[in-house]
Amino acid sequence: MGLKKLNKQRIVLGISGGVDSAVSAYLLKEKGYDVIGLFMQNWDTYLNHDFHGQIANNKSCNVNRDYRDAQKVAKLIGIKIYRTQFIDAYWKNVFQYVIDEYQKGNTPNPDILCNKYIKFGEFIKYSQKHFKTKNIAMGHYASTKIITGKKYLIMAKDQNKDQTYFLCWLKQNQLDACQFPIGNLTKDEVRKLAKKIHLPNWNKKDSTGICFIGERKFAKFLTNYIKPKPGKIIDIVTNHVLGQHNGYMFYTIGQNKNLGLGGQKSKYYVCKKDVKQNIIYVVDQKHHDQFLKSNQCRLIQFNWINGKAPRQHNVFIRFRHRGELVKGSFVKKGNEMIIKYAPTTGVADGQFAVIYQKNVCLGGGIIRSIKQ
């Protein structure tokens, strides 16, 4: 590989049973690190009463099978592997927040909280306590770079797989502790390398769905924790009742499928949720932009990864993973931020807006008060 050898420095890798963490383990070993694989279980179907919304024959997330895959990789590469669980911490710091936000009518992002509190929180603390090191690595598609003495979060080479959006709530000390071995590789390159070195999971399907939970029929899954509350679906332009919904918390701004509005002449989109009145408002294709495009919003709990805002306030903004980078600007207002941006569809309360300059991810915050 032509990689520079290092002294044996210990590093703990989050190993999942997937190809990305497997190749990360190989690359770190080749560079001379003393690599320890740590497999995390953060969800338990029975303990967490996860019964509704299961997908028959779902092979995307099975914790015991994934651990066996991780063991095979560790044995082939020649590293030690351990298993732990942060089930309680995941529930308290990630999933309870998700439930609370949906009950408020918002659309949260569990992956961002999972990275902050679990993968780069509990994981680092566990590594320090049990393996006497803060140095960790993850198989995320992201990179880092030292600029004027600080470590910055940089977008991955593979723009389609870039995961910096999900890392926007990390603090400087969390970023300082971590390496991303595959950040300078594309997904195709990762799979080709895995096949070349005979990793048993080189062509394993990527995990999908909710972080550490997996793929679910999402509205049905939420009924495990939120009681359905039927109400009206109303056309926001005509004020006509078009149908019934099972609960405002099961719908997302911009959603146009599974609305139960068959027989209409136009496609309809969710454009507003009235939580107090338990009403979902929808808009037809003709008036779509009027009610679903916005150009300004307020951000709360904004996190600057490197501790402070840049001097230059012209930025690019991403409103969802793999969403386009939208030109915009920001203004600090106390502990909040006001961002202005080119008209964009489907910006929703509870989601995250993440700010970039060039290829550097600066941080992100939770969306509130959208102006159309």
Tyr82-Phe131 aromatic ring centre distance below 6.0 Å
yes
Would Trp304 and Phe330 count as a ring pair (Phe, Tyr, Trp, His ring centres under 6.0 Å) here? Give the steps.
CA-CA 13 Å; Trp304 295 107; Phe330 70 89; 5.3 Å; yes
Do the side chain of Gln244 and the main chain of Asn246 share a donor and acceptor less than 3.5 angstrom apart?
no
Ring center gap for Tyr281 and Phe291 short of 6.0 angstrom
no
Look only at the side chain of Gln54 and the backbone of Asp50, and say whether a donor-acceptor pair between them is shorter than 3.5 Å.
yes
Is Arg10 close enough and on-axis enough to Tyr33, meaning under 6.0 Å and within 45°, for cation-pi?
no
Would you check if there is a donor-acceptor pair between the side chains of Lys171 and Asn303 at a distance under 3.5 Å?
yes
Will you find, in the side chains of Gln285 and Tyr269, an N or O donor that is under 3.5 Å from an N or O acceptor?
yes
Greater than 12 external heavy atoms within 6.0 Å of Lys187's NZ:
yes
Looking only at heavy atoms, the pair that brings Leu27 and Pro181 closest together is CD1-O, 3.6 Å
For the pair Asn93 (side chain) and Ile118 (backbone), establish whether a donor and an acceptor sit closer than 3.5 Å, ignoring hydrogens and angles.
no
Taking side-chain hydrogen bond (donor to acceptor under 3.5 Å, both in side chains) as the criterion, tell me which of Tyr90, Tyr225, Trp91 meets it with Gln96.
Trp91
Would you say His288 and Thr345 make side-chain contact, with heavy atoms under 4.5 Å?
yes
Decide side-chain hydrogen bond (donor to acceptor under 3.5 Å, both in side chains) for Tyr141 and Asp20; before the verdict, give the C-alpha distance in whole Å, the side-chain angles of both, and the deciding distance to 0.1 Å.
CA-CA 9 Å; Tyr141 284 88; Asp20 297 330; 2.7 Å; yes
One thing to verify: whether Asp69 and Lys204 come together as a salt bridge, which I'm taking to mean a side-chain N less than 4.0 angstrom from a carboxylate O.
yes
Verify the distance criterion only: is there a donor paired with an acceptor across the side chains of Tyr356 and Thr164 at less than 3.5 Å?
yes
Determine whether the side chains of Tyr341 and Ser294 contain a donor N or O and an acceptor N or O closer than 3.5 Å.
yes
Note: Glu189-Lys157 ion pair, threshold 4.0 Å (strictly below)
yes
Taking Tyr251's backbone N and O only, do any of them form a donor-acceptor pair with Lys273's side chain (distance below 3.5 Å, no angle check)?
yes
Salt-bridge present (Arg318, Asp162; N to O < 4.0 Å):
yes
Listed partners of Tyr102 passing ring pair (Phe, Tyr, Trp, His ring centres under 6.0 Å), at least two apart:
Phe218
Give a yes or no on whether Lys150 atom NZ has more than 12 heavy-atom contacts from other residues, nucleotides or ligands under 6.0 Å away.
yes
Any idea which heavy atoms bring Val275 and Lys104 closest together, and the distance?
CG2-O, 3.4 Å
Strictly distance-based, threshold 3.5 Å: is any side-chain N or O of Asn106 a donor or acceptor partner for the main-chain N or O of Pro108?
no
Polar side chain donor-acceptor pair, Ser16 to Ser21, under 3.5 angstrom:
yes
Check whether Asp34 reaches the backbone of Lys8 with its side chain - one donor and one acceptor, N or O, closer than 3.5 Å.
no
Please determine if Arg298 and Asp349 form a salt bridge, counting it only when a charged side-chain N lies under 4.0 Å from a carboxylate O.
no
ring-ring contact (aromatic ring centres under 6.0 Å, His included) with Phe352: of Phe319, Trp169, Phe166, Phe302, only one passes, and it is Trp169
So, is the end of the Arg320 side chain (NZ or CZ) under 6.0 Å from the ring centre of Tyr165 and within 45° of the ring's axis?
no
What I'd like to find out is whether the side chain of Phe221 reaches to under 4.5 Å of the side chain of His52, using heavy atoms alone.
no
Gly17 backbone acceptor or donor facing Asn201 side chain under 3.5 Å
yes
Taking atom types as modelled, is there a side-chain donor on Asn115 or His140 under 3.5 Å from an acceptor on the other?
yes
Sidechain-backbone polar pair: Lys145 side chain, Lys151 backbone, donor-acceptor under 3.5 Å:
no
Using modelled atom types and a 3.5 Å cut-off, is there a donor and acceptor pairing between side-chain atoms of Gln357 and backbone atoms of Asn314?
yes
Test Asp188 against Lys161 for salt bridge (charged side-chain N to carboxylate O under 4.0 Å, His left out), laying out the working first.
CA-CA 11 Å; Asp188 285 345; Lys161 299 295 292 184; over 6 Å; no
Under 3.5 Å, side chain of Glu122 to main-chain N/O of Lys119, donor-acceptor pair present?
no
